Each structure stands twice: as C-alpha cells, then as structure tokens.
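Fair warning: this is a prediction, and the values are worked out from it, not measured in the lab. When a residue number appears, it is its place in the shown sequence, counting from 1.
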Amino acid sequence: HLNLQIKPGEKLAILGRSGTGKSTLASLIRGDLQPTEGQITINGELTDKFGDQIANYIGVVHQSPYLFNTTVLNNIRLGNEDATEEDVWSVLKRVGLEEKIRQLPDGLNTKIGEAGLIFSGGERHRLSLARILLKDVPIVILDEPTAALDPRAEYEIYTRFLALVESKTSIFISHRLSSTKLCDRIVLFKDGSIEETGTHNELLQKGGLYAELFRMQAQFYFDN
C-alpha cells in the first residue's frame with residue numbers, strides 16, 4: 001500500500017529504522033524483486049521488464065562496495081567496458097581519487113587484491129561511484145554507504161556525492177538523519193509504510209516522528 005512518485009532529477013532521502021522496508025524498496029526499484037500487488041515503473045515502463053538492462057538506468061553505491069581481485073582499471077571499467085583510460089582518469093578526478101591512484105606502484109594497472117584492502121572504506125565508496133559516473137546512468141541509489149561513519153564525515157561524503165550526481169535522480173537510503181537537509185524531499189518509513197514525507201524544515205515544523213528522531217540523534221551526538 002505504498003504510493004510514491006520520484007521526479008526526474010529529484011534528491012530523495014528514504015529513512016527508517018532497520019526492518020522498516022527501505023532496502024526492500026530499493027530492490028523493488030531495481031527490479032530485483034517483483035511486487036505481489038501493484039506496479040513499479042521507470043518512465044512508465046515496468047522495472048521487472050528491463051532485465052539485465054536495468055544496469056543502464058540505475059547505479060547503486062552499497063554500504064560495502066565489492067572490489068574484484070584485478071586492476072584498478074578493470075574494476076572501474078565494469079561501469080563501461082568501452083571507456084578509455086582518459087575517461088577513467090576523468091571520473092577518478094571527479095571523485096577525488098586521481099592523486100591516490102597515480103601514487104600507486106602501477107597506477108591504473110595496480111592489482112587491488114582481495115577485498116580491496118589497499119583502499120579505505122570511503123575510497124571504496126568513491127571507486128564504486130566512479131563506476132556509476134563512467135556508466136552515466138540517470139538514477140543513482142546510495143544504500144547506506146556511510147553507515148559506519150560519524151555524522152561529520154557522512155555529511156561531507158553526501159555533499160561530495162550530491163555535487164557529482166547533480167543532474168541525476170538520486171535516492172539516499174539511511175537510518176540516520178545527518179544529511180537529510182541536503183535532499184529535496186524526505187520519506188520516513190515506519191513498519192513498511194510511509195509515516196511522513198516533506199522537506200527537512202517542513203517535517204521539523206510538523207513536530208512528528210521525524211522531528212522526534214532528529215532531536216534524539218542530535219542529543220546523542222552532542223552528549224558523546
């Protein structure tokens with residue numbers, strides 16, 4: 001019983017505690033799951049009709065991006081196998097990793113190794129975003145990529161991401177409220193349905209669940 005329309009170019013935050021349906025919604029949007037009732041469409045087309053072609057329209061930055069045991073170049077070219085090295089350097093510069101990669105022993109041809117341990121968590125997220133930028137998909141889903149970071153670092157990363165995907169439809173999935181004010185609209189989930197929706201200021205003025213959660217999180221980080 002969910003009714004939600006996301007406009008082209010909109011920056012949408014989907015919030016809620018674990019188990020409220022946020023990741024399920026993301027899977028439905030990507031077409032990984034099919035709704036038992038109703039429809040989910042992209043520009044009027046059912047998502048489950050896209051098949052593997054959905055990757056041409058939606059890119060995802062996960063909480064724990066996976067990097068393959070191959071070169072930096074091959075990992076980023078997963079987004080676009082026809083991309084030139086110049087294209088790859090261009091997206092690395094955009095995500096702030098050009099200098100880091102140039103300092104590696106073999107540059108783009110450096111083997112990342114198992115689990116990509118030569119990169120920090122934040123750098124792995126930026127490599128994941130570089131893949132998406134190379135693919136140039138119109139829709140980007142950020143599925144709790146900053147869950148392990150403090151609010152200040154989270155805010156800085158979301159600010160960078162938003163600048164990079166400015167013209168794209170962006171869906172931020174999170175259980176924290178640190179960066180919601182950066183988004184055009186907030187959708188707060190509770191028990192699998194929409195509890196509240198609006199801008200950051202609108203929901204604070206409403207004084208409902210969002211305002212209560214925002215005060216609680218702000219007090220927690222202030223006390224700690």
Side-chain angles (χ1 to χ4, degrees), residues 9 11 13 23 26-27 29-32 50-174 176 178-179 182-183:
K11 305 297 179 281
S23 294
S27 295
I29 292 173
R30 293 194 303 266
D32 298 336
F50 284 82
D52 292 340
Q53 294 301 309
I54 197 73
N56 294 325
Y57 301 92
I58 299 177
V60 184
V61 178
H62 294 283
Q63 182 174 339
S64 300
Y66 187 81
L67 299 179
F68 294 91
N69 187 15
T70 181
T71 64
V72 174
L73 182 63
N74 288 339
N75 267 279
I76 298 174
R77 269 186 178 157
L78 288 172
N80 180 357
E81 293 181 357
D82 296 325
T84 65
E85 288 194 14
E86 184 179 353
D87 295 330
V88 172
W89 281 120
S90 177
V91 294
L92 285 172
K93 183 175 182 179
R94 291 174 65 189
V95 300
L97 284 177
E98 179 186 19
E99 183 177 351
K100 166 80 175 185
I101 303 304
R102 290 194 185 279
Q103 291 175 350
L104 294 176
D106 296 309
L108 288 175
N109 295 312
T110 301
K111 285 283 189 73
I112 286 182
E114 293 291 342
L117 296 179
I118 64 172
F119 296 107
S120 68
E123 288 169 344
R124 289 197 292 272
H125 288 132
R126 283 187 275 168
L127 284 170
S128 180
L129 184 59
R131 289 175 185 166
I132 292 172
L133 294 175
L134 199 62
K135 187 81 171 180
D136 198 23
V137 294
I139 302 167
V140 178
I141 298 176
L142 301 170
D143 194 354
E144 303 212 57
T146 59
L149 302 179
D150 63 77
R152 183 186 297 274
E154 179 181 46
Y155 186 86
E156 290 174 353
I157 286 178
Y158 275 137
T159 301
R160 176 188 286 272
F161 278 11
L162 277 172
L164 291 169
V165 299
E166 184 177 6
S167 62
K168 303 180 186 299
T169 303
S170 306
I171 302 168
F172 295 75
I173 297 174
S174 180
R176 300 199 309 200
S178 309
S179 307
L182 297 171
C183 296

Closest contact, heavy atoms only, Ile112 versus Phe68: CB-O, 4.0 Å
Heavy-atom side-chain contact between Asn75 and Leu127 under 4.5 Å: no
Sub-4.5 Å side-chain heavy-atom contact between Leu182 and Lys11: no
4.5 Å side-chain heavy-atom contact, Leu108 and Leu92: yes
Check: Thr70/Asn74 side-chain N/O donor and acceptor closer than 3.5 Å: yes
Any donor-acceptor N/O pair, Thr71 side chain to Asn109 backbone, under 3.5 Å: no
Atom pair CD1 (Ile54) and CG (Asn56), whose distance is rounded to the nearest 0.5 Å: 9.0 Å
Interatomic distance, Gln103 atom CD to Glu98 atom CD [nearest 0.5 angstrom]: 10.5 Å
Side-chain heavy-atom pair Thr169, Val140 within 4.5 angstrom cut-off: no
Check: Asp106 main-chain N/O paired with Thr110 side-chain donor or acceptor under 3.5 Å: yes
Donor-acceptor pair, side chain of Arg94 and main chain of Ala130, under 3.5 angstrom: no
Any side-chain heavy-atom pair of Lys100 and Phe119 under 4.5 Å: yes
Gap separating the NZ atom of Lys93 from the CD1 atom of Ile101, nearest 0.5 angstrom: 15.0 Å
Test side chain to side chain donor-acceptor pair (under 3.5 Å) applied to Ser90 and Asp87, step by step: CA-CA 5 Å; Ser90 177; Asp87 295 330; over 6 Å; no
From Ser120 atom OG to His125 atom NE2, the distance as rounded to the nearest 0.5 Å: 9.5 Å
Ile132 and Val61, any side-chain heavy atoms less than 4.5 Å apart: yes
cation_pi(Arg102, Trp89) dist<6.0 Å, angle<=45: yes
Nearest-0.5 Å distance, CD1 of residue Ile118 to CD of residue Glu123: 9.0 Å
Distance (rounded to the nearest 0.5 Å) between Ser27 OG and Asp143 CG: 8.0 Å
Under 3.5 Å donor-acceptor, Lys135 side chain and Arg77 backbone: no
Phe172 versus Leu142, closest heavy-atom pair with distance: CE2-CD1, 3.0 Å
Heavy-atom neighbours of Phe50 CZ exceed 12 at 6.0 Å: yes
Validation row: Leu133, Val95 side chains within 4.5 angstrom (heavy atoms): yes
Side-chain donor or acceptor of Ser128 paired with backbone N/O of Arg124 under 3.5 Å: no
Under 3.5 Å donor-acceptor, Lys168 side chain and Glu166 backbone: no
Which atom of Val165 lies closest to which atom of Ser170, heavy atoms considered: CG2-OG, 3.3 Å
